[in-house]
Amino acid sequence: MVRLQRRRESVHKTTRTATVLTAILGLVLGTASCSGTPTPDPAADSAAPAAPAATAPTAPVPPPAPPSDTSDASATLPDDPDTFPRVGTRPLGWGPQQRDATAAARAVAAMTPEQRAGQVLLPFYRGLDHEAQAARIERLHLAGSIIMADNVPGTPDGRVDTAAMHGVASRLQAAAQAGGRSWPGLIGVDQEGGVVARLRAPLTEWPAPMSYGAAGSGPLAGEAGQAMASELAALGFNTDFAPTSDVTMGPADPTIGARSMSGDADAASGFGVAFSQGMLAAGLLPAAKHFPGHGSVSVDSHARLPVQGASLEQLRARDLKPFQAAIDAGLPMVMTGHIAVPALEPGVPASLSGAAYAELRSMGFQGVAVTDALNMGAVQGPYPHDSAAPLALAAGADLLLMPANVEAAHAAIIAAVRSGALPPERLAEAAQRVVTMMIWRARTGAGPGTAPGSGSGLSREVSAAAITVLAGPCDGPIVPASVRLTGGSAQDRARFAAAARNAGISIGAGPLVSLIGAPAAPQTPADVAVALDAPWPLAHSTAPARIALYGRSQGAFDALAAVLAGHARAPGKLPVAVGAQHPGTGCA
């Protein structure tokens, strides 16, 4: 704890018309077979339709001209690199160098439109039919694949089969590199920590990202990002759609909550960048999400379209700050959210809005703009049959994540190019950015990764640094040697019991400890109230002792038991307001 306390630091364009949509819908319905409207479930892929009738490949369309430095990076170089800098090493401001962009321009110039359309699509699939997904990747020239929880091979006792998972990633990677592609495909996952974690034990279980804001340490966030990414890298992943860069507005935020690192824009900026840089150090590509900010809208875009009513000035003063910090730090990807911003383009999700992408680029971003999952309710309702795919590209997206039906999305892109609704230069530009990123990723390489669970000790440190006492003693025991327990899930109670036993506390009699697992969970009058995720439920508690834990891992419960027994202080500070208690509240 002393080391952690010493380490604490204060981290304080183009409207898409109804005419274009109608034209694209007509072309899609005429060229792709869809079996009904896809479900808006963000983690479910519609059944693949029958493949469209074979057509002759369209002749390649030249991509945008590469930037001015087009020297051959493989040329023979002088011996003195200080006098003669390496050819093509001019940085582009988001990770890659000029040589990467030059190589990507050449590769994309040799592609057909069908191949380019594949390079901007990152699909998912249902279940464990990995061979079918690999065949789909090869047939449509897809950028790779995202892995969801139901794609993860398991052992009979419910744990991740890490050897099999590595085999799946390797098979999908081989499919992405079929046809002579020299750059790797994207093998991605959503692994944030807390409630968003597709891979569980034996990988390290991390607390909610809000822990980093409560702990107040940028270096700790960076170490955690690197440790999490390193375990993923060992399984064959090279992309993690994390961290959440959204600034939460508080309990009215139904979607982000404890996935946000802080309710303060500057703090969220610093911790998000630190976590991302840690991921990059381990070889994984991070993606700051969800531009222009999902933490200050009251509708969940998984279900329907939220509307952000703030002015551009207000957005730039708060929600956009973490994205500006990510851009200034040279991070490679920003994810756009399905959020309508009337100040930019009324009624259109930012993920499909030319004005939103123009704002993002005006902030200096030169990297890959990836959409949030296109199978979410905010998009699937207004833009059926994956008609959103070409609209997003035309607006300025580079990579389309999780279309409901990737075959239909691919067909929609080709149809839009042929009709003129999607300029072929825009498709080539998007493909070139994605390929540039992956050529850079291959050139810089990554370490072998670390063993599953190797970050468990650090995860405990994060929770021990984050735990926050809102009411009750800051020193000494908070409870006697025996307590009663209520609330939480069966797993929560089992983990608490194990941690309490190790701390010298038994379960059976004494003051009542209530575990509050969700903001809307009914609360039992208790002596000690513990919020397991976001701390806002504590605003309604009358318990004499109130504690914010920001996580449900075993390490988080170990930290809780140590504080309850008086073996450790709670050094965390509130990263958000809780009722009348301001951010920064906690034991001095």
Side-chain angles (χ1 to χ4, degrees), residues 13-35 37-38 46 48-65 104-123 136-143 179 181 348 351-354 357 369 371 374-375 379-380 382-435:
K13 310 185 169 170
T14 313
T15 303
R16 300 267 61 92
T17 66
T19 303
V20 173
L21 175 57
T22 302
I24 290 174
L25 273 171
L27 287 162
V28 173
L29 293 174
T31 58
S33 170
C34 296
S35 54
T37 302
S46 298
T55 58
T58 307
V61 178
R106 290 174 180 151
V108 172
M111 291 181 185
T112 65
E114 288 80 6
Q115 290 169 326
R116 292 174 189 164
Q119 288 297 289
V120 301
L121 288 165
L122 192 69
R136 191 176 297 119
I137 291 170
E138 290 190 32
R139 184 174 68 255
L140 298 177
H141 318 284
L142 301 174
R181 280 172 279 179
V348 179
S351 54
L352 276 66
S353 167
Y357 287 102
T371 68
L374 292 179
N375 63 348
V379 171
Q380 277 295 291
Y383 306 95
H385 308 295
D386 284 290
S387 58
L391 289 175
L393 286 167
D398 302 311
L399 183 63
L400 310 180
L401 182 63
M402 296 175 64
N405 187 302
V406 71
E407 305 233 13
H410 189 274
I413 294 169
I414 297 304
V417 170
R418 290 174 177 163
S419 73
L422 173 61
E425 298 83 5
R426 173 79 271 274
L427 175 59
E429 178 186 51
Q432 185 174 316
R433 281 204 185 104
V434 174
V435 175

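The first residue of the sequence shown is numbered 1, and numbering continues consecutively from there. Note that the structure is a prediction, hence the values are computed from the model and not measured.
- Counting heavy atoms from C-beta outward, Val379 and Thr371 have side chains that stay 4.5 Å or more apart.
- Counting heavy atoms from C-beta outward, Thr112 and Gln115 have side chains that approach closer than 4.5 Å.
- Between the side chain of Asn405 and the main chain of Ala408, a donor-acceptor pair closer than 3.5 Å is present.
- Residues passing the side-chain hydrogen bond (donor to acceptor under 3.5 Å, both in side chains) test with Ser351 are His338, sequence neighbours excluded.
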Quick one, Leu140 with Leu121, criterion side-chain contact (heavy atoms from CB on, under 4.5 Å). Give me CA distance, side-chain angles, the key distance, then yes/no. CA-CA 9 Å; Leu140 298 177; Leu121 288 165; over 6 Å; no
Return a table of donor-acceptor pairs under 3.5 angstrom between the side chains of residues 390-402 and protein atoms on other chains or two or more places apart.
unit_1, atom_1, unit_2, atom_2, d
Asp398, OD1, Arg426, NH2, 2.9
Asp398, OD1, Arg433, NH1, 2.9
Asp398, OD2, Arg361, NH2, 2.7
Asp398, OD2, Ala369, N, 2.9
Asp398, OD2, Arg433, NH1, 3.4

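- Inter-residue side-chain proximity for His410 and Glu114 is flagged as met; some heavy-atom pair is nearer than 4.5 Å.
- Between the CD atom in Glu407 and the CZ atom in Arg139 there is a gap of 4.0 Å [rounded to 0.5 Å].
- With respect to the salt-bridge test (charged N to carboxylate O, under 4.0 angstrom), the residues Glu425 and Arg116 do not qualify.
- Here the closest non-hydrogen pair linking Asp386 and Gln380 is OD1-NE2, 4.2 Å.
- The two residues Val108 and Ala428 come nearest to each other via the heavy atoms CG1-O, 3.9 Å.
- The shortest non-hydrogen separation linking Ile414 to Pro113 is CD1-O, 3.5 Å.
- Listed here is the closest heavy atom pair of Val120 and Ala431: CG1-N, 3.6 Å.
- Contact annotation: the side chain of Pro424 never approaches that of Leu427 to less than 4.5 Å [non-hydrogen atoms, C-beta and beyond].
- Heavy-atom minimum distance, Tyr383 versus Ser387: C-OG, 3.4 Å.
- For the pair His141 and Met111, the minimum side-chain heavy-atom distance is 4.5 Å or more.
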